[in-house]
Amino acid sequence: MEGDYDAVVIGAGFAGLYMVHYLRDRMGLDVQAFEAGRGVGGTWYWNRYPGARCDSESYYYCYSFSPELEQDWEWSSKYPEQPEILSYLEHVAERFDLYRSIRFDTRVTSARYDETANRWLVTTEAGEQVAARFLISAVGCLSAANVPDIAGLDSFGGDWYHTGAWPHDGVDFTGKRVGIIGTGSTGIQATPVVAAQAEHLWVFQRTPNYSIPARNFEMSPEDTRQIKARYPEIRELARNSYGGFPYRPVDRSALADSPEERETHFEQLWNEEGGFKFIYGSYSDLLRSEEANYTAAEFIRRKIREIVRNPKVAEMLCPTDHPYGSKRPPVDTNYYDTFNRENVTLVDLRASPIEEITPSGVRTRDALYPLDIIVFATGFDAMTGALLRMDIRGRNGVALADTWAGGPVTYLGLQVPGFPNFFTVTGPGSPSVLANMPLCIEQHVEWIGGCISHMAEEGLATVEADETHAEAWVDHVRDAAEATLFIKANSWYVGANIPGKRRVFMPYPGGFKPYADKCEEVVANGYEGFVFSTAAAD
Ligand code: NA7
């Protein structure tokens, strides 16, 4: 055994960094974090693909726990690029002296609960083993890359990359024939940037997506000054909102406006605001009423037809098989316009699916596309993938993979029955990816820290989600999802992108504020739904 800690934290992204800071510096615990990457950043460490930037606005996609940090850090633009967010997280790690508590280049491969000792035994890829009383997963919701199992990939003579494991020294597309597979948020961000460099770019599209222009801009000193002066109000708005975004609540149905009023409203959001405001700051029922949703979907389809000059290509880009926002809504800079370029071709995989990859390129049912580089923008085994690729075993050696064989079971996305003293930051069943991630992370970290403090005060040895409460929470998540249009799409929210994955809606769609209220209520009711013991040896 190479260490015995109060807590082991897995991951050093937004979640892991704050978890370490909170447990170590606010609560005085002995904490060790393990991180597979060579640096901090998590998502922002791995996703270095061209065009990678945040779809949430910089002024709220950041920590709120330190007013000094909030005041000191300067964001360059509305939507910062990946290197800037990574610099921010590196700054946080330095500022709060977190590096000394993180072991890098160290992937956790298994964690087993030893009931007699009340310890989690955590093993790394190099075979090192440490023990800890608490095990906290901060592995992120979108960190297990999904490279589709396409016949012949091994034979490809060129280079291929997944966007979520991008080379640190970049990829030069100059003079290359490039194929991007996937038109989710990532493919949509990468396409215009790669197109500007490549000799020719083929975009392999299985499902067209609804994308809203980002309308990015550089922050002027005056923008920054105003935001900094308003931070308490901004955070308050975000904490009281559905999505964790600091937008003024809208309670108007899209159907309450006349077609002309709606058009004016959508035009203003499309042309001036851009980004998530189109969905979260426009009307209250875009994700609840098919009729209301249709008005937004039609507006976007009209925009696509306006922007893309070739009508056939425009039709191929128009989504019709799912409501707007039922898949994670992408935000772009010049995505649709890129298809007006001479050196860009859209390939419709619905009409002609990929059959194999050959030494020279991608072969669909109807054609062979000779390529030098293939970019897989094919997403992630979301929400459960990164947890399940570790062998996590709770009481009686039961594997998390078995407990979750029918889909993830958690109470509030925080704990799994049968896995004492194991917490998941933004686990399945929490709002996580449906809300502003840093805000969700802070709420989780503080809840977990509060629970551990409570245990110390009361002399409690273990905490574990009660099975009945966890099952009721899973039912509640499902019911909440069924009341929305989210379930109308084959999205990664339901695991549809991973062949064989059980179709379960994983994030909690009831809203950030109701969720955070529920977590507080649980505490006020003596941690209702959590079972504590004093019995385990400690
Ligand atoms: P997404 O949103 O999961 O998008 C992946 C894309 O790749 C999507 O267009 C998929 O089509 C496509 N895909 C996946 N597998 C295949 C295969 N086998 N063949 C062809 N096309 C395929 O991942 P992103 O990385 O774009 O975004 C993930 C999240 O990161 C994003 O939502 C933000 O939260 C940040 P499909 O739609 O499944 O037909």
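Keep in mind the model is a prediction, meaning the values are calculated, not measured. Because only heavy atoms are used, hydrogens play no part in the values below, and waters and symmetry mates are left out as well, while side chains stay in. Note that ligands are numbered from 1 as they come in the structure, with each ligand's atoms numbered from 1 the same way.
If you look at F65 and Y18, their ring centroids are closer than 6.0 Å. For F486 and Y493, the distance between ring centers is under 6.0 angstrom.
The proximity of F380 to ligand 1, defined as any non-hydrogen pair under 4.0 Å, is limited to the side chain. At a heavy-atom cutoff of 4.0 Å, ligand 1 is contacted by the side chain of K327 but not by its backbone. At a heavy-atom cutoff of 4.0 Å, ligand 1 is contacted by no atom of A382, backbone or side chain. Residue-level proximity to ligand 1 for P148 is carried by the side chain, the only part with a heavy atom below 4.0 angstrom.
The atoms of ligand 1 that sit less than 4.0 Å from any heavy atom of G182 are 6 (C), 7 (O), 9 (O), 12 (C). Residue I181 has at least one heavy-atom neighbour below 4.0 Å for each of these atoms of ligand 1: 20 (C), 21 (N). Short contacts between ligand 1 and A377, defined as distances under 4.0 Å to a heavy atom of the residue, involve ligand atoms 5 (C), 6 (C), 7 (O). Of all atoms in ligand 1, listed by their number and element, those nearer than 4.0 Å to a heavy atom of L349 are 20 (C). Every atom of ligand 1 is numbered from 1 in the order shown, and the set under 4.0 Å from a heavy atom of L142 is 29 (C), 30 (O), 34 (O).
Between T186 and ligand 1, at least one N/O pair is under 3.5 Å apart.
Taking only non-hydrogen atoms, the option from R206, R350, Q205 nearest to atom 10 (C) of ligand 1 is R206.
Relative to the six-membered ring of F505, R503 misses at least one condition, a distance below 6.0 Å or an angle of at most 45° to the axis.
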